[in-house]
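Let me begin by presenting the structure, written as structure tokens, before commenting on it.
Quick note on labels: first sequence line is chain A, next is B, and so on, each numbered from 1. Excluded from the calculations below are hydrogen atoms, water molecules and symmetry mates; all remaining heavy atoms, backbone and side chain alike, are included.
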Number of protein chains: 2
Amino acid sequence: VKSKKEYNLREALCWLLPIVIGILMGFTAFVVDIGIEWLVTFRYERTKSEIRSGGDGVALPLFTFVSVSALFTCVAGGLVAFVEPLAAGSGIPEVKTYLNGVRMKNLLHVKTLVAKLCGIMFSIGAGLIAGKEGPFVHGGAIVGSGVSAMASKALGWKLKGKYANLFRNDVDHREFTAIGTAAGVATAFGAPIGGALFTIEEGCSFYSTFVFWRCFIATCSGVLTLHGLVEARHTMFDVSLAKLGNHRDFGLYSDGDANYGATFWYYVWEFPVFVLVGILGGLMGALFIHLNVKITMWRRRHIPVSNKMRRFYEVVAIAVLTSIILFSFARSSPCRALPADVAVEEKFNEEEADLSGEDAVSEGEHRYFPQLWCEEGKYSVYGQLLMVPLSEALRMIVHLGETVDCEGTGCQAEIFPSASLFLFLVVVYLLMTLTYGVSAPTGLFVPSLAVGAAMGHLVGQILQSSVGVDKITINMHTYSILGAAASLGGATRMTLSIAVLVMETTGAMQLIVPIMLVIFVSKIVGDFFNEGIYDTHIHIRGAPLLEESGLSSSHRMITEKVTIGDVAKKELVVLPSRIQLRSLVEVLKNCSHNSFPIVNGAEMSKMVIEGSISRTILMKMLEHRLGLYNDRGAAAVEGEAERATTGAHEDLKDAYTLPLDQRRRRHIQSQLEPRIDGDPLSLELLEFELNQQGYLESHVFVDMTSFMQQNPFVLSPETSLSRAYHLFRTMGLRYLLVGHAQPVVSGIITRKDLTEEHIKISIGKKVRRRLRQRD
Amino acid sequence: VKSKKEYNLREALCWLLPIVIGILMGFTAFVVDIGIEWLVTFRYERTKSEIRSGGDGVALPLFTFVSVSALFTCVAGGLVAFVEPLAAGSGIPEVKTYLNGVRMKNLLHVKTLVAKLCGIMFSIGAGLIAGKEGPFVHGGAIVGSGVSAMASKALGWKLKGKYANLFRNDVDHREFTAIGTAAGVATAFGAPIGGALFTIEEGCSFYSTFVFWRCFIATCSGVLTLHGLVEARHTMFDVSLAKLGNHRDFGLYSDGDANYGATFWYYVWEFPVFVLVGILGGLMGALFIHLNVKITMWRRRHIPVSNKMRRFYEVVAIAVLTSIILFSFARSSPCRALPADVAVEEKFNEEEADLSGEDAVSEGEHRYFPQLWCEEGKYSVYGQLLMVPLSEALRMIVHLGETVDCEGTGCQAEIFPSASLFLFLVVVYLLMTLTYGVSAPTGLFVPSLAVGAAMGHLVGQILQSSVGVDKITINMHTYSILGAAASLGGATRMTLSIAVLVMETTGAMQLIVPIMLVIFVSKIVGDFFNEGIYDTHIHIRGAPLLEESGLSSSHRMITEKVTIGDVAKKELVVLPSRIQLRSLVEVLKNCSHNSFPIVNGAEMSKMVIEGSISRTILMKMLEHRLGLYNDRGAAAVEGEAERATTGAHEDLKDAYTLPLDQRRRRHIQSQLEPRIDGDPLSLELLEFELNQQGYLESHVFVDMTSFMQQNPFVLSPETSLSRAYHLFRTMGLRYLLVGHAQPVVSGIITRKDLTEEHIKISIGKKVRRRLRQRD
């Protein structure tokens, strides 16, 4: 029973906690970014300086490049293999599954957070084909979950007190996890709108403007914190000078330098070409998923999750392979004279350098045109894209040349030779396919975007050369961005959120309509072949995901034509509301169901439903000896009520309780080692305890009446599956009972009856009495 | 019973129709924009040329200014008063109510569309303090509704055939209406993301990514069509040169000229000032709503909707008043020397001129600095803001000076004298409060934004003068945009969607975080005093709106503590499944309920529920003589089945029917004139017909078994109101039955059972049989 004060506190925290989540994620992102910057710079600059000092030698630079990569990967892979296996991959499929209503152990532990975020620093530092965005989604989910619970199992910390369990129920917990996800995406990309939309599109199955709005507050405070910190670091903490708002995560120049307004344009007649880009993106995505599934299947057989050493060796091997391949191509690269307008490039913005992780540009070297083994005044064509971090390559493909006025001269078409782009496209695409799924934190967004940008740029170049360079200027930046969007769309099959993410991170607000078009086309093409990469991986794992947007026409037809009576399991394990403790423990031991319908004891055979109770609550009842009584109807042992920590039931103090002193419990626990501390009491321990205390004798009963959920959803067997599907999604249900209702109707309620005014006016007295009664 | 082909067709149309809606809205917006441009230019240029020719004279220009305004208002007001009263105002409250599940007659008629859109052209042309955005929302809703129904009552057109009624059910109709709304907002603002978000935030109570995605397709195709047409018009239909993507609806310069990236910036320490702007916006909004409610109440008493002439006179009077006030202030304006850098302003972009409706700038006059009664080289300070269309004033306050590099010089602070801004703020604010609610189409967005922009600009100027002009440059554009956002937020209490709308229409992508902040603050401040203007007007009308975001803490507490048993009406009108036709007609006549529970005939007193049937379907049954039989159990008259036009029941052909030839019906109709043609058959006419045909005799019965909705939602009286509330919103229910269920449970269904794979694998045979059976 909640008091008015509690409602108001809840209300306030609903808005304050998202800000806390955002700020925490902003700090986290700042630290991770600095870590990545440091590791990346270390590896690339080390190698470059070896090259510059060693003249034509290959051995030493290669050794540096590969060994640093292997070393960093050992950290990343080790964290996953030996610390927390759930830190592998992007984490998006897992978080998506969780938000859809399926539980997963350890997914939201602090240990996973640390392993994931440290891991991603070293993954990217090692030059694996990976991005930080996926891991940030997972990290955000963990932060959101921890903040809402105001507790952490791994840290052994838990807020106590009357109001500590305000948000410790399922629904709130999932909402805050979703909000954390949004903050994670937003801080990874520096994209507040995209982050909120990502969560809505991919995460929540139960949408409400209330959640949306809180997501947005979290993303805004996150991005503001991150940019504020970056800016403060740059201006040496002279806040009066720190100008905010001109960061673009995938921008190459600051907003002040690159006039995005003048940079992106397109013509009406280019739309068919955009469709082509969309088709190519869809095909690339579908092929990537197809190949990746094959590799995943092979990996499952030969490098199973249980075999930690093999998993570890695999990821190191892939890192070494990646390094050798990239290095070899860069080494065999042709040299090319620096573009005439490279001077313009020199005035790059310091702030951007901070963000991109290439702070320490060696003196005398042109920032975006690495000399490597080339002579003075020339640059390495392949090295320009292959010997830089992946996100830097992406930025260059999309934005390089933005500060040069190329209209009419066609100079932008010349910045990247087609051969270099094509090589980048093929090499990174294949490595990305191989890498996604290894035992290290790896995000998919940046690789997919980079590959797509190269594809788009190539299409643009082909188009430019076919219409003629001097006639009309095609905008390469437009094509790179569209290609990136199409490729990401083809791989993830997300829609609105990636459109906005791409727009926000590149500053290409003009292109929102063509971006939408290519993503739409690429989704249609991709869906023709297979599901998105995340859903595919979810299905490989066999999690029951109910996705509305994923409802295919055939699935929809089935759900509309089949009734739930056809699908429902008839083998129910039901409990009477009063049951022998011994029998209850037996049921819990022998049946793994998560929830039990409670039927009217008198008419057990007819199974008239009274309520339902979840396994968690039953365990809590047993742990705290709640609701026990002996067969003479009185409580088995009188004692002071102990308040259970679950937020689901507030009537606990009315129930009977049977305390067990803590010293005794610790003694019993020590007998039952090894078990992880802080975990909920295991059933074995409970049974042992209860047995020791003699509660398993036949006269001890449990009364679940005041603990069960009354009025569970019961649908008639004739209800269509589609209606059940909708209920599951929107109400966040875990199960539904099926039964012939034939209810005796006693009244009707319309929308009007639910408005506040109506309740207050028409039944004001009753409400007041009711509120008083229960307060 | 739907076939596979029908499902596929449905699927395809679900995606194609939004594109159609978008394109239609794009064309509509293009035509309306041209209309507004023409009318606005006519009035202002006429007046200006009178001034220039008449020297110091006031009478002739004043006469022109006022009389043209009065003339145009006569058209706008006349359309509302004498053609369609629902065309008044913005239409957003009405559409919102409709989308929330409350029906409203004539709201979605073509007649309303024409009256609204023609009306808004003349409202704006007349210089009323109004914007076109609200009416476009309403217009979009009508287009969406019409496209989905593939019919129009007013046009007397209706698609016939097997597939014509695919979307003629309630849910689809509402979804398409929502999509139309999104397209309306998007084309009015040129903001595809904002349009989609607007609908999600304000319109839909039942959200799904499916709808969201289709909204976005509609908004994108709408904006693309509109900008394509504008561009085509500008380039004289030489499409190869038509560059797209650099339009901003509230931009003053094209994206190519104004480097938005360099234009907007802010410092960390400005955040407290932003909070102040938010507070001011909230206060302004709350006061506006408070005053407007007073005026609306007064208006209801003295100028009721029924009194058409008074309503008409009122709006003309307000237009005359507005004109005289604006003119007088402009006339008494001081003169001021043109700014030194005005030359820069000269290179305004032709495209922008097209969009803004000021094409015909007289030779020798500076575009943004009207000379009016001033001598050469000077401009009229008040006239600059008061003698231009409202949207142009908004654009100037926000953007003027964007092409001039003012950093360090503080020149931008000097563009508008504070006096002029303050005057504009007060005058437009008061006129806006007076105007909203008159009998003419008027949108609120533009006036509210304009007033807010002036407020923000003033705050910025005060801040600049207090920190010192030479020390640090405050960005006035930033303040104007934040002020505009705060003001709109304070008036409408919308959040995310207006943040994105403001961002998209001004190009201020950098400012998304501060925009969010001010809107959040302004909402909190405003909510402290009253509800948003739309909700206020909805409540004045007494419509039962169930809004999730509007759930206050107290309301939430009530809904959680009160059960539906407390609220439900116990006086039910129930029907048995078989009933005498005569009795049914009596019930329909004497009881205005929209839906009737059907109870088991044998146990009428116990009221065991069998299903429910809506009034609409009952009327359709009677109209088409479906389900009639005589008391000996056979069909009353055998005849060929006539397919009813409602999409809700597809079993009609199995039912008995009793045809009535059309000639005879027309004869009966002519006897019952006057009634509006094309409307559904009225109950009186039906009774008359049935009586004439002798069906009201005692032996004719109606069998509703195959027409009723089986398994209506029945909740136990102990269910909390909050659960019912959630069900009403997410399932789009109109009513819920209350009853003691005590169902006999026969099975359980979990999430996993609903996945496509599971259904196919576990009960494949059954599904196939079922699909065959019903195909």
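Put simply, of B/T495, B/T478, B/V513, B/I193, the one with the most heavy-atom pairs under 4.5 Å next to chain A is B/T495.
Between the CG atom in B/L224 and the CZ atom in A/F271 there is a gap of 4.0 Å [rounded to 0.5 Å]. If you take NE2 on B/H227 and CD on A/Q510, they are separated by 11.5 Å, rounding to the nearest 0.5 Å.
Here the shortest heavy-atom pairing between A/M516 and B/C220 reads CG-SG, 3.3 Å. The two residues A/M503 and B/M503 come nearest to each other via the heavy atoms CE-CE, 4.1 Å.
For B/L197, the part lying under 4.5 angstrom from a heavy atom of chain A is the side chain only.
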